[in-house]
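One structure is given below, encoded as C-alpha cells.
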Amino acid sequence: GTQTAKHSERNAKETASQQAEEGTETESVEDLSHEQLLLTLQDAKDKADQYWNQLLLARAELDNNRRRNEREVENAHKYALEKFVRELLPVKDSLELGMAAALGEGTELEKLREGMALTLKMLSTAMEKFGVSEVDPQGEKFNPERHQAMAVQESPTAEPNTVMTVYQKGYLLNERLIRPAMVVVAGAPEEKKGPSVDERA
C-alpha cells in the first residue's frame with residue numbers, strides 16, 4: 001500500500017509539472033500572437049498614413065495644375081491680341097507723323113500722299129500676317145455669301161448679275177467672312193428683260 005501511494009504521488013507530481021509546462025507554452029504562444037497582431041496593426045497604420053499623404057500630395061498637385069491652367073486661359077483671353085497690337089503700333093506711329101506733317105506749314109501734298117500710301121501698305125501687311133484678306137469683287141459675279149447688294153443697276157455693257165461698283169470692301173479672317181462687301185449689281189437692260197407680269201396676263 002505504501003508503494004502504491006508513493007507511485008500515485010509521483011504520477012500526480014509529474015502530471016502537475018507537465019500541465020505547468022503546457023500552460024507556459026500556451027501562454028507564450030498567446031503572447032507571441034498578440035505581439036504579431038500589434039505589429040500587423042502598426043504596419044497597416046503606417047501604410048494607411050503613407051497612402052493618405054500620397055493622396056494629399058496628389059490633390060495638392062491637381063489643385064496647382066487647375067489654378068495654373070485657369071491663369072493660362074485667363075492670360076490667353078487677355079493677351080490674345082498682343083501680337084496684332086504690336087503690328088498695329090507702327091501704323092499708328094506713321095499716322096501720327098503724317099498728321100503732324102499735315103498740320104505743319106509748307107507741307108507738300110505729294111509727300112502727304114506718299115506717307116498715307118506707305119501707312120496703308122503697313123496696315124495691309126499687318127492684317128495679312130494675321131489671316132485678314134480683302135473681298136474686293138469689282139467685275140466679279142455676285143456672290144450672296146460674300147457680297148451684300150445695295151442696289152441693282154441696269155447696264156448695257158456689264159453682264160447681268162455682276163458687281164458694277166464696290167461701295168465698301170469686305171473682309172475675311174482665315175476665310176471666315178467678317179464683313180460682306182457692299183456692292184451694286186448689274187441688271188439686264190429693259191429690252192433684254194422678258195415680258196412683265198402684266199404683259200403676260
Side-chain angles (χ1 to χ4, degrees), residues 62-201:
L62 285 174
D63 288 340
N64 289 336
N65 288 337
R66 179 180 54 79
R67 284 193 290 269
R68 182 166 54 252
N69 290 336
E70 287 175 355
R71 284 195 303 270
E72 289 175 356
V73 170
E74 183 181 356
N75 288 337
H77 284 285
K78 276 185 178 180
Y79 306 112
L81 296 177
E82 182 178 356
K83 292 181 180 179
F84 187 55
V85 170
R86 286 179 183 171
E87 291 290 334
L88 290 183
L89 291 179
V91 177
K92 186 173 185 294
D93 293 339
S94 182
L95 286 172
E96 289 173 346
L97 289 172
M99 181 64 71
L103 294 175
E105 294 182 3
T107 303
E108 296 180 11
L109 184 60
E110 187 60 32
K111 287 186 177 180
L112 286 177
R113 287 175 178 167
E114 290 176 2
M116 287 181 65
L118 178 61
T119 302
L120 182 59
K121 185 176 180 181
M122 289 171 61
L123 178 59
S124 297
T125 301
M127 294 174 73
E128 287 172 4
K129 283 184 180 179
F130 290 89
V132 179
S133 55
E134 291 183 351
V135 178
D136 187 7
Q138 183 71 42
E140 298 177 4
K141 281 285 187 182
F142 176 73
N143 180 356
E145 294 182 359
R146 292 191 175 187
H147 313 151
Q148 183 174 343
M150 306 301 293
V152 177
Q153 182 177 330
E154 295 177 9
S155 172
T157 56
E159 185 179 345
N161 206 34
T162 59
V163 175
M164 291 176 58
T165 308
V166 178
Y167 280 147
Q168 189 179 69
K169 294 176 183 178
Y171 287 92
L172 303 170
L173 176 59
N174 296 322
E175 296 305 315
R176 179 179 178 179
L177 185 68
I178 300 301
R179 186 181 77 183
M182 307 297 185
V183 301
V184 175
V185 182
E190 282 292 337
E191 60 272 14
K192 292 185 179 180
K193 291 182 179 179
S196 66
V197 174
D198 292 337
E199 290 174 347
R200 289 197 302 267

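One is the number of the first residue; the rest follow in order along the sequence. Below, all heavy atoms of this structure are taken into account, side chains as well, without hydrogens, waters or symmetry copies.
Salt-bridge annotation for Glu175 and Arg146: present, with a side-chain N of the basic residue lying under 4.0 Å from a carboxylate O of the acidic one. Ion pairing between Arg86 and Glu82 holds under the 4.0 Å rule for side-chain N and carboxylate O.
More than 12 heavy atoms of other residues, nucleotides or ligands lie within 6.0 Å of NZ in Lys141, so this atom counts as buried by the packing criterion. Heavy atoms from other residues, nucleotides or ligands lying under 6.0 Å from CZ of Arg176 number 12 at most.
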(request) Give the C-alpha distance, both sets of side-chain angles, the deciding distance and a yes or no for side chain to side chain contact (heavy atoms under 4.5 Å, CB included) between Met127 and Glu87. (result) CA-CA 8 Å; Met127 294 174 73; Glu87 291 290 334; over 6 Å; no
(request) Given side chain to side chain contact (heavy atoms under 4.5 Å, CB included), test Arg66 with Leu62 step by step and report yes or no. (result) CA-CA 6 Å; Arg66 179 180 54 79; Leu62 285 174; over 6 Å; no
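For the atom pair Met122 CE and Lys92 NZ, the distance stands at 12.5 Å (nearest 0.5 Å). Going from atom NZ of Lys83 over to atom CG of Leu81 covers 12.0 Å, rounded to the nearest 0.5 Å. Between Asp136 atom CG and Tyr171 atom OH the span is 8.5 Å, to the nearest 0.5 Å. Atom CD of Glu140 and atom CG of Asn161 lie 12.5 Å apart (nearest 0.5 Å). Separating the OG1 atom in Thr157 from the CE atom in Met164 is a distance of 6.5 Å, to the nearest 0.5 Å. Here Leu173 contributes atom CG and Ile178 contributes atom CD1; the two are 4.5 Å apart, rounded to the nearest 0.5 Å.
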Could you give the side-chain donor-acceptor pairs of residues 108-117 under 3.5 Å, partners two or more places apart or in another chain?
none

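Qualifying ring pair (Phe, Tyr, Trp, His ring centres under 6.0 Å) partners for Tyr167, counting only residues two or more places apart in sequence or in other chains: none. Evaluation of the side-chain hydrogen bond (donor to acceptor under 3.5 Å, both in side chains) rule for Gln148 yields no partner, not counting sequence neighbours.
Side-chain atoms of Ser124 come within 3.5 Å of backbone atoms of Leu120 as a donor-acceptor pair (strictly under, hydrogens ignored). In this structure, Glu134 contributes its side chain and Gly170 its backbone to no donor-acceptor pair below 3.5 Å.
Here the side chains of Pro137 and Val166 are in contact, with some heavy-atom distance below 4.5 Å.
Annotation for Val152 and Ala186: closest pair CG1-C, 4.4 Å, computed over non-hydrogen atoms.
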